[in-house]
Novice: 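The structure is given below, and queries will be raised subsequently.
Chain A is the first sequence line, chain B the second, and so forth, proteins listed ahead of strands; every chain is numbered from 1. The shown structure was predicted, so the numbers you read here are calculated from the model rather than taken from an experiment.
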Amino acid sequence: MSTNSQDRVEMFRTMVRIREFEERVKRTFAEHPGVIRGHTHLADGAEASIVGSIAAIRPGDQVMATYRCHGYPIALGTDTTAMLAEIYGRSNGLCGGYGGSMHLADPERGFLGTSGIVGQSIPQATGAAYAAQIRRAGDVVLCFFGDGASKQGAFHESLNIASLWKLPIVFVMENNSYSVSVRVEQEDANAAAGEPLATKAKAYSMPGVTIDGGDPDVVYETVAEAVSRARAGEGPTLVESLVYRLSAHGNSIAPPGVPLHYPEHEAVTVFGDVAEYEAAKRGDPVPRFRGALVTGGVLDAARADAIVAEAADEMQRAVDGALAGPEPEPADALRFVHA
Amino acid sequence: MTASVHRDVSTAAPTPDVLRDLLTTMWRIRAFEERVGALKRADEVHGLIHLSIGGEGVAAAVCRQLRDGDAVYSGHRAHGHAVAKGTPLDRTMAELMGREGGLCSGMGGSMHLVDVAHGFLGATGVVGGNIPLALGSALAAKQRGTDAVAVVFFGDGAVQAGLFTESVNLATLWRLPVLLVCENNGFAEFTPRSAHTTVERVSDVVAPYPLPRTTVDGNEVGEVWSAFSELLARARAGEGPALLECLTHRLRGHYEGDPDRYREAVSTEDWQRKDPILRLQRAGHDAGWLAADEPAALEAAARAEVDEAVAWARSSPFPAVARAAALVESGGAR
Amino acid sequence: MAREITYIAAIMEGIHQEMSRDEDVLLIGQSVGGSPEDPFVAAFGPDRVRVTPISETAEIGMAAGAALAGKRPVVDCTMAEFLLVAMDQVVNEANRFHYMSGGRVTAPLVLKAGYGFTAGWAGQHTGSIYGMFMGVPGLKVALPSTPADAKGLMATAIRDDNPVLFLHHYLLTLETGDVPEGEHLVPFGQAAIVRPGTDVTLVATGWTVHRALEAAEELAADGVSVEVIDPRTIAPLDVDTVLASVERTGRLVLVDQATRHASVSAIIAAEVAEAGFASLRAPIVQVTALDAPIAYSKPMEDFVLPDVAKIVAGVRRAVDVTLPHDAATAVR
Ligand SMILES: Cc1ncc(C[n+]2csc(CCOP(=O)(O)OP(=O)(O)O)c2C)c(N)n1
Ligand SMILES: [Mg+2]
């Protein structure tokens, strides 16, 4: 399976849009202090993995993810102003300001939602795959989670059942080597033994592959193959997609009144490993893919710059639209407690 | 899935003395549990009772190699493990009869036996819940710098619980002296393993993790003893955890009173072949270390001991009821 | 047409009828659908009825996910305590989705679990732990005490668009009662006055409703007229029916099998103390389990639980007192 030139340019465009969106989230802390409350988690560095994966599914398929969830809806076509307004807690937000950064949901586009609790959306995605299986429309579920989540019992329980019931699901583990400030080999017996985390698939008699999550073509091919297996009723696959998160785990955590900001990456702040972080920056998947497209003659530099500029414009509009959005009515806090 | 039997370790055979000791222990467990079944039917033991008849070999072969300072955790099917670890029959029986003299003064019952003095740190009734507890004991032993180990018994059903993998990862990562002993009887309550997982062998479930794993015939006591002794030696030497899977067979239903419709009743002949006691006795006769009249004597001694235990338990009063509201918290503090 | 069936049969009938009515209703759990002869598998097929491994987090999490994707799963969790293994999924996931999404998604699912099995099951299998769930926004909790309510509340639970914890009392499993044959729905948040009376209001749930009725019978012989109320669902909780009753009787006794500080009775007591203080002619009396786990040995098990004698004593305590403020009112 492969993508044509136009698809690849679109993948690039989405990667750029995600990056620009995350940059604007980050900048908001400095430019509009106090507008973002609570905790945000950015997808910068994982754009290729997100975009390559989502390029492999079709309408009707569904996606579930974690608190680090801004990239997926963008790739699925969700309006970025509504997303940013949600992160700003405005009533024109995607979820009316009830969810915030960690809890985006856009069911019409197949984004069923997220959990802010590590690993807990894995069984939920597995349940969505159970629903898809018995709906018999050939729909597939993509389940995204991090390396840390694979230490949760929910991971083990869900992969076992998904394999046993041959559910149409692809488990995409975005291994960014960190759980907040803990390195994967500090908490994972496989990693400590120098093995890929995809090794864990063995316990469930399901295929497990480890791929370069910085290359959207590779991600697309791998996930597309897993998706077609799943669609064909052959069951789940564990895809370990190696990425590097280019920002800190999340913005700083402080009591109200103390300005929030994005600290430096934990490689630097906790481990003093500037070299690791610099190397990761050099491997940044967005310029890397741009380079591949330009070198391959798929995209010229001017067109690439235009895509970047368009994304910047879009996200400026998103910021403006989100800032202009009204605050919700306080008493609306009692709506939606029950359906 | 592969039905292979893994042998990650080499084995040494137990001596005749060891085997005789194991046989004695197995008879004590058998006599004890048969009596518990009878007392349950007579309503002298109440609540939910799970018997391990047919699984005595694993309990004996594992626990008889341990010391009081080693911690053992068990689950809902715990009597055999407790007895093999050295809990006194009379106080164990008294617990099952809800008496003051019981191991836990009648407060715990069959699924919550505890005997700290003998290193039986306890049975828990929630499937899989005991596995991380054993990791904790192992961590404590390691931090104290002793060569004590922790052993946890669980069924094949527990392996599908999230706690299991969480624990395997951590035990391996931290090289904890914990031995995970799975009694795979192919059933969790009334459901065959094939309805729970595609992975037939529990030892294959831990295949991704770098720890030794061994599958043995749990009705072949010598085999269990040898495999466990290797893994135990490694753990004592600080080489970390291991998983021992014992293939066993549940002769009784899941619990006492279970109508047991889901499984073909074991034919007597089949059972004669599997019963770990009969098997060891046959092997003993063949190898010449067991005299012809010894089994009957061992059985009689065990039954007499159980009779005494029951008499002792019956003489123990029911606990003072107000005790029920005491002990909710420990009075101690540091 | 009603006929007598057992409480458990009524629950299963409720599920069965809803599954026939709505093909999105699923039934999964460790003790369902294990064999092809299972009546649910036979009726609805293995797509909709599945046995699960002992993986509570996945069972409940999957139910939430299937619900987000349009299904209405019923998870048979066997015993309420097993929910604790998956507490996050119960109190911090499915129940939050509708709210956090600003109403964009719903997670209709039912967690069916037995509780209160005070029959020698000892410390880990006998709790009445609904107090942990009743204050969790987004989650509804039903506690049926009769076969008819069991069927009707189950049907309502399945049709409800929210996660519902349906807790059936194990000691009632084989109790029989008249149950309507066809569609039967019992609304949530509507208490039942199971015995009218004038002197004292007695609120009880589950198995204790029957003990309360026995106590009422005993007290009637002494001329004390007891009104017995069963809230039937504790989230939502019908405080109004209790308040209206207390307005008439002036006295309130609350019976609860839960430990005192995690009981429904404590919540009702607080509500009535706040909103119905003027009606009270005696202090509220709570007859609950003591704040202790359940001991294995029977005499100790009995000691901590409410029973008929304790309820009768509680009512007498309420009836024997007249508050000074009330005496003052009476004089004026
Ligand atoms: C968390 C939890 N879920 C469910 C149960 C109910 N339960 C008790 S024993 C059992 C089966 C366990 O099977 P297995 O681990 O294979 O042990 P076996 O009984 O076969 O020895 C189940 C499901 C429980 N006690 N705890
Ligand atoms: Mg088993």
Novice: Evaluate the criterion side-chain contact (heavy atoms from CB on, under 4.5 Å) for residue pair Met206(A) and Thr198(B); output intermediate values, then yes/no.
Specialist: CA-CA 10 Å; Met206(A) 88 170 63; Thr198(B) 52; over 6 Å; no
Novice: So what's closer than 4.5 Å to chain B heavy atoms on Gln152(A): side chain, backbone, both or neither?
Specialist: both
Novice: State the CG-OG distance between Asn169(B) and Ser150(A), to the nearest 0.5 angstrom.
Specialist: 7.5 Å
Novice: Are the side chains of Leu164(A) and Ser194(B) in touch, meaning some heavy atoms are under 4.5 Å apart?
Specialist: no
Novice: CG/Asn190(A) to OG1/Thr172(B) distance, rounded to the nearest 0.5 angstrom?
Specialist: 8.5 Å
Novice: Evaluate side-chain contact (heavy atoms from CB on, under 4.5 Å) for Asp188(A) paired with Leu173(B), printing each intermediate quantity in order.
Specialist: CA-CA 7 Å; Asp188(A) 187 287; Leu173(B) 187 70; 5.8 Å; no
Novice: So does Glu185(A) have more than 12 non-hydrogen atoms from other groups sitting under 6.0 Å from CD?
Specialist: yes
Novice: Which heavy atom of His156(A) sits nearest a heavy atom of Thr165(B), and at what distance?
Specialist: ND1-OG1, 2.6 Å
Novice: What is the distance from atom CD of Glu157(A) to atom CZ of Phe164(B), rounded to the nearest 0.5 Å?
Specialist: 12.5 Å
Novice: Tell me the closest heavy-atom pair linking Pro210(B) and Ala189(A), and the distance in Å.
Specialist: CG-O, 3.9 Å
Novice: Counting only heavy atoms closer than 4.5 Å, note whether Tyr204(A) contacts chain B via side chain, backbone, both or neither.
Specialist: both
Novice: Give, as side chain, backbone, both or neither, the part of Ala171(B) having an atom under 4.5 angstrom from any heavy atom of chain A.
Specialist: neither
Novice: Can you tell which part of Asn160(A) gets under 4.5 Å to a heavy atom of chain B, answering side chain, backbone, both or neither?
Specialist: side chain
